[in-house]
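Notes for the one structure printed next.
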Protein chains: 2
Amino acid sequence: MNKPQNHTVTCHACSLNVICVPQSLTPEEIDLVDSKVQRGRAVQRNKHVFEDGQQFTSLYAVRSGAIKAYSVDQNGEEQVIGFYLPGELFGLDAIHNDAYVCSAKALETSAVCELPYAQVTELSAKIHNLQAHMYKTLSKEINTDQQFHRLLSKKTAEERISTFLQNLSERYQRRKLSPTSFRLPMSRTDIGNYLGLAVETVSRVFTRLQQNGILKVDGKELQILDLGKLCDIAHSEGCEFRS
Amino acid sequence: MNKPQNHTVTCHACSLNVICVPQSLTPEEIDLVDSKVQRGRAVQRNKHVFEDGQQFTSLYAVRSGAIKAYSVDQNGEEQVIGFYLPGELFGLDAIHNDAYVCSAKALETSAVCELPYAQVTELSAKIHNLQAHMYKTLSKEINTDQQFHRLLSKKTAEERISTFLQNLSERYQRRKLSPTSFRLPMSRTDIGNYLGLAVETVSRVFTRLQQNGILKVDGKELQILDLGKLCDIAHSEGCEFRS
DNA sequence: CGATTTGTTGATCTTACTCAATAATCGTGG
DNA sequence: CCACGATTATTGAGTAAGATCAACAAATCG
């Protein structure tokens with residue numbers, strides 16, 4: 001097994017990077033936002049940030065580590081809703097409700113930044129650019145989900161996995177990490193569940209992509225050897241389904 | 001073919017019903033909102049309300065008729081994103097962008113209400129309850145898309161169709177129309193595309209559900225004979241995937 | 001009324017699922 | 001630090017749900 005790379009990155013001013021459009025806010029506004037909404041919290045592997053049904057109070061941003069959102073239906077079947085990496089916001093789906101509508105657990109030791117929703121609404125009423133940014137963030141999430149609709153409705157197993165990996169690659173790159181060499185924080189089961197595939201299919205596709213010289217997979221360590229080919233297979237419009 | 005029922009319903013004060021929480025706004029605020037955002041527009045069958053790539057200016061609410069949202073990928077393949085019925089808001093996915101990210105066309109002669117986005121942001125900055133409502137509306141849409149994720153990722157063809165019909169039923173009921181007897185405004189092809197199924201499969205499932213005495217299908221006229229059984233098959237959590 | 005689109009039904013094929021066995025990895029405690 | 005049990009991942013064989021291809025029927029539209 002390779003030496004594990006450092007895949008957890010912290011953002012200095014969490015709210016600044018995550019919920020604000022830095023350019024559009026004055027330094028004073030940024031300070032105000034930071035003072036009101038920034039609250040750190042460590043989360044051990046397999047521990048929940050929040051659980052389905054719990055009272056909704058806050059949005060969360062990932063500072064380091066990785067978070068999995070999922071819900072369980074009446075038959076007890078789990079559905080993985082998404083994975084969140086450093087710099088990403090989650091809990092947005094609960095705003096319309098008094099309670100969280102899914103559960104969020106840490107896939108590895110993580111740190112999250114809590115943004116009390118009451119503060120978010122209060123501040124965004126005062127700071128026009130913050131409101132605009134919140135609307136955009138929510139809208140982008142809707143758009144992302146719609147692109148995912150196409151993935152599930154039209155793409156083959158190979159296309160789904162390729163799209164997924166390409167998307168992870170982009171998100172790591174955005175966080176100034178290697179876009180071609182990273183560790184998958186989630187299990188094969190979680191990947192399959194998320195992409196609407198059986199675990200075995202995920203395993204087989206990984207093997208096939210490796211045989212074709214596109215990937216090098218060693219457990220959870222992943223290297224993309226031919227990003228171009230990977231994108232070709234994914235051929236997902238605009239090459240991204242998560243902001 | 002049966003005598004077509006009147007399936008188009010107008011809402012008196014469009015913005016009031018659609019984008020506001022009536023109870024939480026004062027009459028003066030409602031008047032203000034209505035005066036700023038309400039603009040009607042008729043749309044003939046197969047005509048677009050907006051098209052992918054066009055400059056984003058407004059959100060829209062359906063007053064009467066039915067609207068289909070879809071996008072086309074680089075291979076020219078269409079993906080149906082959603083169907084919108086009277087009282088429902090669409091165009092939310094474009095807020096994060098300067099241009100619309102999908103196209104919206106009328107499935108039948110329709111009337112839509114235009115809500116210039118600049119007015120929406122301006123008003124929601126002033127009226128706190130309007131901002132809260134916008135956040136909730138966007139959040140609910142995210143939640144709906146996530147429930148759809150489960151449909152595409154886990155459900156069989158029969159479950160998908162049943163869930164779809166049950167959902168339509170609920171939406172017609174909300175608009176004070178019969179929940180068990182209505183006209184499908186979209187083609188079988190559109191239904192299949194939306195649900196990730198081949199047209200032939202849609203046709204076959206309709207036939208099967210009819211043979212089991214659950215439905216009566218006559219072209220686009222639909223009667224749900226056994227809503228209980230339909231819901232059992234759908235067994236989708238909370239029995240709804242669109243608000 | 002004829003042409004074109006849309007919907008239905010049947011036969012065959014394919015992709016990915018299921019079941020099953022084995023291998024590798026992880027986590028825990030001695 | 002190593003050994004053990006438990007979880008997670010891989011690979012193979014057989015199956016099934018739904019796709020595709022093809023032919024025909026019905027509805028819609030000009």
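So you know, we letter chains A, B, ... as the sequences are listed, proteins then strands, and number each from 1.
- Between A/S187 and D/dT7 there is no side-chain N or O to OP1 or OP2 distance below 4.0 Å.
- Remark: side-chain polar atoms of B/E88 are paired, donor with acceptor, to backbone N or O of B/L85 under 3.5 angstrom.
- Every residue was checked against the side chain to side chain donor-acceptor pair (under 3.5 Å) condition with A/R45, not counting sequence neighbours, and none meets it.
- In this structure, the CG atom of B/N193 is 13 Å from the P atom of C/dG7, given to the nearest Å.
- Near DNA chain D, meaning a heavy atom under 4.0 Å from it, residues 41-49 of chain A has no residue at all.
- As a whole-Å value, the separation of A/K154 NZ from D/dG18 P is 16 Å.
- No option in A/E158, A/H235, A/R150, A/K155 other than A/K155 meets the side chain to side chain donor-acceptor pair (under 3.5 Å) test with A/T163.
- Here the P atom of nucleotide C/dT6 and the CD atom of B/E78 are 11 Å apart, to the nearest Å.
- Overall bending of the helix from C/dC1-D/dG30 to C/dG30-D/dC1, expressed as the angle between end axes built from five pairs apiece, is 60° (10° steps).
- The main-chain N or O of A/K220 is never found under 3.5 Å from a side-chain atom of A/R183 such that the two would form a donor-acceptor pair.
- Between the CG atom of B/L209 and the CG atom of B/L225 there is a distance of 10.5 Å, given to the nearest 0.5 Å.
- Ring centroid separation for the pair B/Y194 and B/F148 comes in under the 6.0 Å cut-off.
- Applying the side-chain contact (heavy atoms from CB on, under 4.5 Å) test between B/L215 and each of B/V205, B/I224, B/T180 identifies B/I224 as the sole match.
- Every residue two or more places apart in sequence or in another chain that forms a ring-ring contact (aromatic ring centres under 6.0 Å, His included) with B/F56 is listed here: B/Y100, B/Y117.
- The residues B/K154 and A/E78 are annotated as not salt-bridged, no charged nitrogen and carboxylate oxygen being separated by less than 4.0 angstrom.
- Listed by first and then second residue, the side chain to side chain donor-acceptor pair (under 3.5 Å) pairs involving residues 196-206 of chain B amount to none (not counting sequence neighbours).
- For the pair B/L215 CG and C/dG7 P, the computed distance is 16 Å after rounding to whole Å.
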Could you run through nucleotides 8-17 of chain C and give me one letter per nucleotide, 5' to 3': B if any protein heavy atom sits under 4.0 Å from the base, S if only the sugar-phosphate is that close, - if neither?
BBBB----SS
